[in-house]
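Order of the sequence lines sets the chain letters (A, B, ...), proteins ahead of strands, with each chain counted from 1. Computed from a predicted structure; not experimentally measured.
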Amino acid sequence: MLEMTDLVDLALLLFLAVLAITIAKQRNLFVVVIVMGFYSLVSAALFTVLDAVDVAFTEAAVGAGISTVIMLATLLMVGTEEKTPSQPRILPLLAVVVTGAFLVFGTLDMPHYGDPQAPIHQHVAPRYIEVSGDEIGVPNIVTSVLASYRGYDTLGETVVIFTAGVAVLMLMGQALRFRQRDGDA
Amino acid sequence: MILPGLINYWVVVFLMMSGFYVVMSTGNLVKKMVGLTLFQTSVFIFYITMGKVAGGTAPILAAPGTSYSNPLPHVLILTAIVVGIATTAVGMALIIRIKEAYGTIEDDEIQAAEQS
């Protein structure tokens, strides 16, 4: 039995596959970055179909928005043409096919898509769904888990972002100093 | 449900492997980062696919008896998206720094500059 949302799901996956091939074949980095932003946007649509609305709008804002802006800003400073590779690319293709074959083999005994009896749905998720409304008082279960049950994870996440921000400032500060020195010389 | 079965996972494997291929096949550092992002987004799709329950809806409390998709993968992936953009930003800053120091972002040219 195939429902309408499954058809949408399959169409979006096919779309993503086409975009991935485009990214792999394209040599102009500007086009690569824009197609990557589009890939993020289509995956956000797919997340909506798969009921992950919070993930969808985060992916649309962060993956398709901020990430694309950061990459475009980088391209502004480093140029947009990829050099044509001199070595043949048979080896990476072989590695990818072998790894992919192993991964597909690994999926063969996984629970099917949408199966309510899958082990992932039997452990802590039912508890979150049943009692988080009373315990936390927020209707959105994802928010309850993110901010309360797993609040320390989220604290760790903000530490990671802070560290990354400091790292970027240190690196960029140095790059700007180089530029000033070159300007003086 | 017969057709979707494992097809979602197989397409995700294809997407992951195209990201992996981009990382390995190019010497351009920006394109390598795009390949990593491609791989990463595919892993997100994998997790969210596992959290889907047939006939379920978004995990926001509604009338009693409603069936919801699993909220736990959603939480994990929310964290992963934000950490992903942080690592991308650091990677891009490193690439700009490499461009300043070596004048190129192709890894074979950087290696040649190192050896000379």
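B/Ile45 places a side-chain heavy atom less than 4.5 Å from the side chain of A/Phe47. Side-chain contact check for B/Ile7 versus A/Leu13: every heavy-atom pair is 4.5 Å or farther apart. Taking the side chain as every heavy atom from C-beta outward, B/His74 and A/Ile141 never approach each other to under 4.5 Å. Between A/Ile70 and B/Ile85, some side-chain heavy-atom pair lies under the 4.5 Å cut-off.
The contact between A/Ala17 and chain B is made by backbone and side chain atoms together, counting heavy-atom distances below 4.5 Å. B/Thr104 does not touch chain A: none of its heavy atoms, backbone or side chain, sits under 4.5 Å away. Interface residue B/Val34: backbone and side-chain heavy atoms are both found under 4.5 Å from chain A. Heavy-atom distances place no part of B/Ile98 under 4.5 Å from chain A, backbone and side chain included. With a 4.5 Å cut-off on non-hydrogen atoms, A/Leu29 touches chain B through its side chain but not through its backbone. With a 4.5 angstrom heavy-atom cutoff, B/Leu72 touches chain A only via side-chain atoms. Neither the backbone nor the side chain of A/Leu19 has a heavy atom closer than 4.5 Å to any heavy atom of chain B. In this structure, chain A has heavy atoms under 4.5 Å from both the backbone and the side chain of B/Tyr21. Looking at B/Ile105, only its side chain comes within 4.5 Å of chain A, counting heavy atoms on both sides. Using a 4.5 Å cut-off between heavy atoms, A/Met36 contacts chain B through its side chain alone, with no backbone atom that close. At a 4.5 Å heavy-atom cutoff, the contact between B/Val11 and chain A is made by side-chain atoms alone. Heavy atoms of B/Pro64 lying under 4.5 Å from chain A are absent altogether. Residue A/Val138 touches chain B through its backbone alone, counting heavy-atom pairs closer than 4.5 Å. Heavy atoms of B/Gln40 lying under 4.5 Å from chain A are absent altogether. Within the 4.5 angstrom heavy-atom criterion, atoms from both the backbone and the side chain of A/Leu93 approach chain B. Using a 4.5 Å cut-off between heavy atoms, B/Val53 contacts chain A through both its backbone and its side chain.
One finds the CD1 atom of A/Ile129 at 8.5 Å from the CG atom of B/Leu61 (value rounded to the nearest 0.5 Å). Remark: B/Ile95 CD1 to A/Leu75 CG distance equals 9.0 Å, nearest 0.5 Å.
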Report, one line per pair, each donor and acceptor closer than 3.5 Å where one atom sits in a side chain of residues 145-152 of chain A; sequence neighbours left out.
{"residue": "A/Tyr149", "atom": "OH", "partner": "A/Glu135", "partner atom": "OE1", "Å": "2.5"}
{"residue": "A/Arg150", "atom": "NH1", "partner": "A/Asp153", "partner atom": "OD2", "Å": "3.3"}

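Ranked by heavy-atom pairs under 4.5 Å with chain A, the first of B/Asn70, B/Thr88, B/Val22, B/Val90 is B/Asn70. Your options are A/Thr58, A/Val33, A/Val32, and the one with the most heavy-atom pairs under 4.5 Å with chain B is A/Thr58.
Residue pairs meeting the side-chain hydrogen bond (donor to acceptor under 3.5 Å, both in side chains) criterion with at least one partner in residues 44-68 of chain B, sequence neighbours excluded, are A/Asp51-B/Lys52.
The salt bridge (Lys or Arg N to Asp or Glu O under 4.0 Å) check on B/Lys32 picks up B/Asp107, with sequence neighbours excluded.
Of residues 119-127 of chain A, those residues lying under 4.5 Å from chain B by any heavy-atom pair are A/Ile120, A/His121, A/Val124, A/Ala125.
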Any chance you could lay out the side-chain contact (heavy atoms from CB on, under 4.5 Å) test for A/Met71 and B/Val30, step after step, and finish with the verdict? CA-CA 8 Å; A/Met71 287 187 182; B/Val30 172; 5.7 Å; no
Please step through side-chain contact (heavy atoms from CB on, under 4.5 Å) for the pair A/Leu171 and B/Ile96, ending with a clear verdict. CA-CA 9 Å; A/Leu171 287 163; B/Ile96 292 171; over 6 Å; no
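B/Val13 approaches A/Gly100 most closely through the heavy-atom pair CG1-O, 3.7 Å. Closest approach of B/Leu15 to A/Ala20, counting heavy atoms only: CD2-CB, 3.9 Å.
At distances below 3.5 Å, not a single donor-acceptor pair connects side-chain atoms of B/Lys31 with backbone N or O atoms of A/Arg27.
B/Leu36 and B/Val82 end up in different hydrophobic clusters when Ile, Leu, Val, Met, Phe, Trp and Tyr side chains are linked at under 4.5 Å.
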